[in-house]
Amino acid sequence: MRTWIRPTALVLIVVVVLYPLFWMVGTAFKSPEEIVSNIGLLPEHFTPSNFSSGWSKFDVGFGRFFLNSAMVAGLTVIGNVVSCLLAAYALGRLRFRLRGMWFAVMIGTLLLPGHVLIIPQYILFRSLGWVGGEWPYLPLLVPHFLATEAFFVFLMVQFMRGIPRELDEAATIDGASPYRIFQHVILPLSRPALVTTAIFSFIWTWNDFFRQLVYLSDLKDYTVPVALTLFIDSTSETAVGPMFAMSLLSLIPVFLFFVAFQRMLVEGINTSGLKG
């Protein structure tokens with residue numbers, strides 16, 4: 001019985017987890033009337049026009065929203081990977097005064113919810129002239145280039161602490177400076193942590209709604225999560241079908257990004273082991 005109970009249980013769990021996704025795929029091809037009347041997975045009458053109407057529903061094409069989200073998510077990935085890696089190298093491998101205190105302060109910032117910080121951050125960015133300016137994405141991007149994501153810094157610090165310090169000492173004996181140790185020793189071995197940071201940074205930023213809603217005011221600057229809310233309007237007709245169609249399309253970049261980098265993550269874990 002054990003040979004089929006475990007696979008059956010796993011299949012049932014997968015079906016339960018993926019059922020909302022299957023339902024969204026089917027709803028994207030339903031007409032507005034059928035969305036209300038038909039709660040099944042498969043539509044009775046396929047309505048592929050939801051995609052075309054949702055893509056061109058607003059004065060700005062939905063492709064512009066995809067480009068905005070891709071730009072914000074891509075730069076966020078670069079900022080988090082570079083800045084958090086440098087901060088983690090300083091906290092995890094270098095020796096300087098009050099290093100433990102600064103690391104504890106950084107960990108303490110994890111206890112502060114983002115909704116508590118949004119008001120002082122908004123006041124700061126508005127005083128700098130970044131809110132509603134010519135480049136409205138500065139409040140969303142600049143903090144990520146300053147190693148403000150304590151979770152990723154902590155992740156990389158813990159990973160670097162697992163790298164034997166004998167490698168640093170051997171490189172120092174060969175005359176390598178801390179910069180060359182970082183470039184030739186720490187950076188290649190930190191690939192799994194970097195890929196993990198890139199995956200979660202991209203997914204969290206692509207799906208972020210609250211911070212983007214606060215700082216983005218012009219329609220042409222909207223990202224995908226903010227633009228999806230435009231389909232539901234209490235003062236006009238609600239376009240549920242096109243909304244589900246665009247929601248389905250918005251999942252494709254996240255899925256492709258995760259699949260591509262998941263392979264790199266597994267390869268990095270398998271090939272970065274230290275051999276005697």
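Numbering starts at 1 and runs along the sequence shown. Values below: all heavy atoms of this structure, side chains included; hydrogens, waters and symmetry mates excluded.
Rounding to the nearest 0.5 Å places CG of Leu91 at 11.0 Å from CG of Leu86. A distance of 9.0 Å separates CZ in Phe209 from OG1 in Thr223, rounded to the nearest 0.5 Å. For the atom pair CG of Asp208 and CH2 of Trp204, the computed distance is 11.5 Å after rounding to the nearest 0.5 Å. Arg64 CZ to Leu67 CG: the interatomic distance, rounded to the nearest 0.5 Å, is 7.5 Å. In this structure, the separation between CZ on Arg165 and CG on Leu167 is 11.0 Å, given to the nearest 0.5 Å. In this structure, Met246 CE and Lys57 NZ are separated by 11.5 Å, a value rounded to the nearest 0.5 Å.
Remark: the backbone N or O of Pro48 is not paired with any side-chain donor or acceptor of Ser52 at under 3.5 angstrom. With hydrogens and angles disregarded, no donor-acceptor distance shorter than 3.5 Å links the side chain of Ser201 to the backbone of Ala198. Not a single donor-acceptor pair under 3.5 Å links the side chain of Thr229 to the backbone N or O of Pro225. Side chain of Asn80 to main chain of Glu149: no donor-acceptor pair is present (N/O by atom type, distance under 3.5 Å, no hydrogens or angles). Side-chain atoms of Thr148 come within 3.5 Å of backbone N or O of Pro143 as a donor-acceptor pair. Asn50 contributes a side-chain N or O that, together with a main-chain N or O of Ala28, makes up a donor-acceptor pair within less than 3.5 Å. Without hydrogens or angle criteria, Ser83 side chain to His144 main chain gives a donor-acceptor distance under 3.5 Å. Here the side chain of Ser69 pairs a donor or acceptor atom with the backbone of Val224 at under 3.5 angstrom. A donor-acceptor pair under 3.5 Å is absent between the side-chain atoms of Asp221 and the main chain of Leu216, judged by distance alone.
The neighbour count for Asp218 CG, taken as heavy atoms of other residues, nucleotides or ligands under 6.0 Å away, is above 12. At most 12 non-hydrogen atoms from other residues, nucleotides or ligands lie less than 6.0 angstrom from CZ of Phe200. No more than 12 heavy atoms of other residues, nucleotides or ligands shown are found within 6.0 angstrom of CH2 on Trp102. Atom CG of Leu128 has more than 12 neighbouring heavy atoms from other residues, nucleotides or ligands inside a 6.0 Å radius. Within 6.0 Å of CZ on Arg99 lie more than 12 heavy atoms contributed by other residues, nucleotides or ligands. Other residues, nucleotides and ligands contribute at most 12 non-hydrogen atoms within 6.0 Å of the CZ atom of Arg97. The 12-atom threshold is not exceeded at OH of Tyr179, counting heavy atoms of other residues, nucleotides or ligands nearer than 6.0 Å.
Two residues are said to be in side-chain contact when any heavy atoms from C-beta on lie closer than 4.5 Å; Leu249 and Ile252 meet this criterion. Pro178 places a side-chain heavy atom less than 4.5 Å from the side chain of Tyr89. Counting only heavy atoms from C-beta outward, the side chains of Met156 and Leu194 approach each other to under 4.5 Å. With a 4.5 Å cut-off on side-chain heavy atoms, Val25 and Leu41 do not count as touching. In this structure, Met24 and Pro20 have side chains that are not in contact, with every pair of non-hydrogen atoms separated by 4.5 Å or more. Looking only at side-chain heavy atoms (C-beta outward), Val240 and Phe231 stay at 4.5 Å or farther from each other. Two residues are said to be in side-chain contact when any heavy atoms from C-beta on lie closer than 4.5 Å; Lys220 and Phe58 fail this criterion.
Taking the ring axis of Tyr137 as reference, the NZ or CZ atom of Arg211 does not stay both within 45° of it and closer than 6.0 Å to the ring centre.
Closest approach of Ala70 and Trp206 over heavy atoms only: N-CZ3, 3.6 Å. The two residues Met160 and Leu85 come nearest to each other via the heavy atoms CE-CD1, 3.3 Å. Pairing each heavy atom of Leu140 with each of Gln212, the nearest pair is CD1-CG, 4.0 Å. Taking each heavy atom of Ile163 and Ser190 in turn, the nearest pair found is CD1-OG, 4.4 Å. The heavy-atom pair separating Pro253 from Phe202 by the smallest distance is O-CE2, 3.9 Å. Of all heavy-atom pairs between Ala73 and Thr205, the closest is CA-CG2, 3.8 Å.
Ring geometry for Phe125 versus Trp130: interplanar angle under 30°, hence parallel rather than tilted (30 to 60°).
Under the 4.5 Å side-chain heavy-atom criterion for Ile, Leu, Val, Met, Phe, Trp and Tyr, Val116 and Leu213 are members of distinct hydrophobic clusters. The cluster map of Ile, Leu, Val, Met, Phe, Trp and Tyr, joined by side-chain heavy atoms under 4.5 Å apart, puts Phe255 and Tyr19 in the same cluster. Hydrophobic clustering (ILVMFWY, side-chain heavy atoms < 4.5 Å, transitive): Val195 and Leu256 are in one cluster. Cluster annotation: Val14 and Leu12 are assigned to distinct hydrophobic clusters (Ile/Leu/Val/Met/Phe/Trp/Tyr, side-chain heavy-atom contacts under 4.5 Å, transitive). Note on Leu146: it clusters hydrophobically with Phe154, by side-chain heavy-atom contacts below 4.5 Å among ILVMFWY residues.
Between Phe29 and His45, the distance separating the two ring centers is not shorter than 6.0 angstrom. Aromatic ring centroids of Phe51 and Phe62 lie 6.0 Å or more apart. Taking the centre of each ring, Phe65 and Trp55 stay at or above the 6.0 Å mark.
Side-chain contact of Arg180 with Gln183: a donor-acceptor pair under 3.5 Å is absent, judged by distance alone.
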